[in-house]
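The structure under discussion appears below in the form of structure tokens.
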Amino acid sequence: MAAAGFPSCGARRLNARPWLHAVRASSSVPEPSPSLPSPPETGALVDTPSSGAAATPASPPRSFFPKRGQTLELVCESLAFKAKGVCKVADTGFVVMCDRALPGERFLGRVSRKKDSYAEVTKLKTITPHWDAVEAPCQYASYCGGCKTQNLAYEAQIRAKEQQVRDLIVHVGSFSDKDPSFSKILKPIVPCDLQFHYRNKMEFSFGDKRWMPRDVSSLEEDQVDTGYPLGLHAPGFFDKVLHINKCLLQSEVANKVLAVVQDSWRDPELGLSPYNVRTHVGFLKHLMLRTGRDVKTGDQEVMVNFVTSCYKPNLLKPLVDRISAIPEVVSIVNNVNTSVGNTSVGEKEYTLYGKSSITEMLRGLTFQISANSFFQTNSYQAEILYKLIEDCAGLKGDGSEIVLDLFCGTGSIGLSLAKRARHVYGFEVVAEAISDARRNAELNGIHNATFVQGDLNKISDSFGNDFPKPDIVISDPNRPGMHMKLIRYLLKLKAPCIVYVSCNPSTLVRDLDYLCHGVAEEGIRGCYKLLSVQPVDMFPHTPHIECVCLLELVE
């Protein structure tokens, strides 16, 4: 794995908002400073009065920072964190973030929230469309919090995601793009050939009031329509549900199941009531749909999971009878969650029809998936992702190497590498996931994999004493990234190779920075060089970006 690494760039202070730092640093507009005089927002404010006669004294300059409720004319420059559009206030360069604003779009926006270093605006009206405008095929795309960029051409989506990763690596991770090897290290993003119907899992919520988005051109509150909804939570709200009849991200057969439930569950004769998250009264909480494949035939098979506040199988029986008539439905389960929380994981699970799990195939392995198992949501793209991980790991294939699989989940990554390794040791905090990992190892006849439950955010000094020093470390943390305790452990362990898999580029580049450059304030010295960063688009039309990174030990 001979490749040029980035030179150390010295110590930097910790940054609470790495994405904002990247936005500012990548802009040619200088960052505003409170010590500068406050220039007038010429051409930015919609309510700016026209110039008077020359003899008329100049009016006092407006505030340097936009105020809540102020209306601005803005141009979106790029996409950043969570696919929010990045804009700048005219003349001042003050950063403004707008949800659903796309590059090149000129629009009117009202300031809805003011932070210390940036503001958020709500888009009121598009004046000029963005560069790569397309018509969103989903009727809910303008309101649902999932497909924020469905009205942006897919080629433009992946360009924007690749640029976000680049900006974060350079301006937050402090890896120099002036280095001749930078273009070889930052790889072009891998697009997803399936841009719709790629999700194998969707979770919908039952509600007692239908949420309707408010008219953004007014100051009215969100609207509530009559009728019980089954759909997705309104962005930013735990108690508001947008009614959904069809989701273009999940499989066609899952939409078939959703349609049957939508046509049935509101029938007064069934006596079904949606759960109210405020009063904690009601029966139906969530509907989870999972799609897998039959190992023998390769045909799709579907699991339907009803999450309810109590166990009343007789109430669900009419729905079960109708859903089970769909040939692809092979499992219907009921998770009973008596807590007031909004989680879909129940304290007890009951099988109402068919099997208690479904199966999926990945990299030549078979995985059993239960209702609460973690599994890659995009099975098609996971094949590509895992191949990239295997290539980065660079296993010799002679069965001589030890692999440490951190945040192993149900063991899918570690098990896909086990056939070329001497032994795989996996660690995960979720007990159910560890049980699934052990069962999956047995199902595939893999005997050189050990899975251990443990919280990697709370490791002690004795961590690592129970397994040999690894040759390769795989780390696939959740969105918050790795805890400083784990960073310290890895820098002390000094494994020859680390493959870092991340679903959050912001925390990824922070951890890469620590591993390569260290943190002087914490007395941490880095000892790795970054060899490659490979972005992968796992979820088209959404803000999410996956990355596979390879680090090599240097002394």
Side-chain angles (χ1 to χ4, degrees), residues 1-6 165 169 173 175 184-187 189-190 362-363 365 376 381-397 399-428 437 448-449 451 456 464 467-479 481-483 486-487 489-505 507-516 526-536 538 545-554:
M1 292 180 283
F6 289 113
V165 174
I169 290 173
F175 297 97
K184 297 180 180 178
I185 293 169
L186 179 60
K187 310 294 184 183
I189 189 169
V190 176
L362 189 61
R363 301 289 293 161
L365 301 176
Q376 288 288 343
Q381 196 73 336
E383 289 274 356
I384 296 171
L385 178 72
Y386 283 24
K387 178 63 167 61
L388 291 169
I389 295 171
E390 183 176 328
D391 291 345
C392 278
L395 286 163
K396 299 174 184 177
S400 64
E401 294 158 299
I402 300 295
V403 176
L404 177 60
D405 187 7
L406 303 175
F407 308 96
C408 66
T410 55
S412 54
I413 294 177
L415 292 174
S416 69
L417 300 176
K419 60 185 176 181
R420 299 175 60 83
R422 188 172 107 205
H423 205 94
V424 173
Y425 294 88
F427 287 83
E428 167 65 44
N448 62 333
F451 295 102
L456 291 168
F467 54 85
K469 180 178 178 178
D471 302 284
I472 299 160
V473 173
I474 310 291
S475 183
D476 186 9
N478 52 16
R479 296 191 64 78
M482 294 193 293
H483 193 277
L486 185 56
I487 296 284
Y489 167 76
L490 292 175
L491 291 174
K492 180 181 178 181
L493 177 68
K494 294 186 177 180
C497 167
I498 296 177
V499 180
Y500 195 138
V501 186
S502 172
C503 60
N504 185 350
T507 54
L508 166 67
V509 297
R510 178 202 66 196
D511 293 348
L512 294 178
D513 193 15
Y514 294 165
L515 292 168
C516 294
C527 61
Y528 284 90
K529 66 178 178 180
L530 183 62
L531 298 185
S532 67
V533 177
Q534 176 65 75
V536 182
M538 296 291 291
I545 311 171
E546 198 91 9
C547 289
V548 180
C549 304
L550 176 60
L551 298 100
E552 184 180 68
L553 181 68
V554 292

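Each residue takes its place number in the sequence, starting with 1.
In this structure, the side chains of Tyr425 and Pro470 stay at 4.5 Å or more apart for every pair of heavy atoms. Side-chain contact check for Asn448 versus Val424: every heavy-atom pair is 4.5 Å or farther apart. Considering only heavy atoms from C-beta on, Pro477 comes within 4.5 Å of Tyr500 through its side chain. Looking only at side-chain heavy atoms (C-beta outward), Gln534 and Cys392 stay at 4.5 Å or farther from each other. Residues Ser416 and Leu362 are not in side-chain contact: their nearest non-hydrogen atoms beyond the backbone lie 4.5 Å or more apart.
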Inset, instruction - Just do the side-chain contact (heavy atoms from CB on, under 4.5 Å) check on Val473 and Tyr489 with the steps written out, would you? - result: CA-CA 12 Å; Val473 173; Tyr489 167 76; over 6 Å; no

Inset, instruction - With side-chain contact (heavy atoms from CB on, under 4.5 Å) as the test, would you mind laying out the steps for Val190 and Glu546 before giving the verdict? - result: CA-CA 10 Å; Val190 176; Glu546 198 91 9; over 6 Å; no

Legend entry - Derivation of the side-chain contact (heavy atoms from CB on, under 4.5 Å) call for Leu417 and Ile472: CA-CA 11 Å; Leu417 300 176; Ile472 299 160; 6.0 Å; no

Inset, instruction - Determine, step by step, whether Leu553 and Cys527 satisfy the side-chain contact (heavy atoms from CB on, under 4.5 Å) criterion, reporting the C-alpha distance in whole Å, the side-chain angles of both residues, the deciding distance to 0.1 Å, and the verdict. - result: CA-CA 6 Å; Leu553 181 68; Cys527 61; 3.7 Å; yes

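Taking the six-membered ring for Trp and the full ring otherwise, Phe467 and Phe427 have centroids separated by under 6.0 Å.
Residue Met538 comes nearest to Ala382 through the heavy atom pair CE-N, 3.9 Å, listed as atom of the first residue, atom of the second, then distance. For the pair Ser400 and Asp471, the tightest heavy-atom approach, listed with the atom from each and the gap, is O-OD2, 4.1 Å. Annotation for Gly394 and Glu401: closest pair O-OE2, 4.4 Å, computed over non-hydrogen atoms. Phe407 approaches Asp476 most closely through the heavy-atom pair CB-O, 3.2 Å. Nearest approach of Thr410 to Leu415, heavy atoms of both residues: O-CD1, 4.4 Å. Between Lys187 and Ser532, the closest heavy-atom pair is CE-CB, 4.0 Å.
Each of Val533, Val509, Leu530 was scored for a side chain to side chain contact (heavy atoms under 4.5 Å, CB included) with Phe175, with one residue passing: Leu530. Among Asp511, Leu406, Leu491, the single residue meeting the side chain to side chain contact (heavy atoms under 4.5 Å, CB included) criterion with Leu486 is Leu406.
For Glu552 (side chain) and Leu531 (main-chain N/O), no donor-acceptor pair under 3.5 Å exists by modelled atom type. Side-chain atoms of Glu383 come within 3.5 Å of backbone atoms of Arg363 as a donor-acceptor pair (strictly under, hydrogens ignored).
To the nearest 0.5 Å, atoms CD1 (Ile498) and CG (Leu515) are separated by 5.0 Å. Atom CD1 of Ile402 sits about 3.5 Å away from atom CZ of Arg422, to the nearest 0.5 Å. Annotation: the span from Ile169 atom CD1 to Cys547 atom SG amounts to 6.5 Å, rounded to 0.5 Å. Rounding to the nearest 0.5 Å gives a distance of 8.5 Å between CD1 of Ile185 and NZ of Lys529. A distance of 12.0 Å separates SG in Cys408 from CD1 in Ile474, rounded to the nearest 0.5 Å. Rounding to the nearest 0.5 Å gives a distance of 11.0 Å between CG of Asp513 and CG of Leu508.
Other residues, nucleotides and ligands contribute more than 12 heavy atoms inside 6.0 Å of the NZ atom of Lys469.
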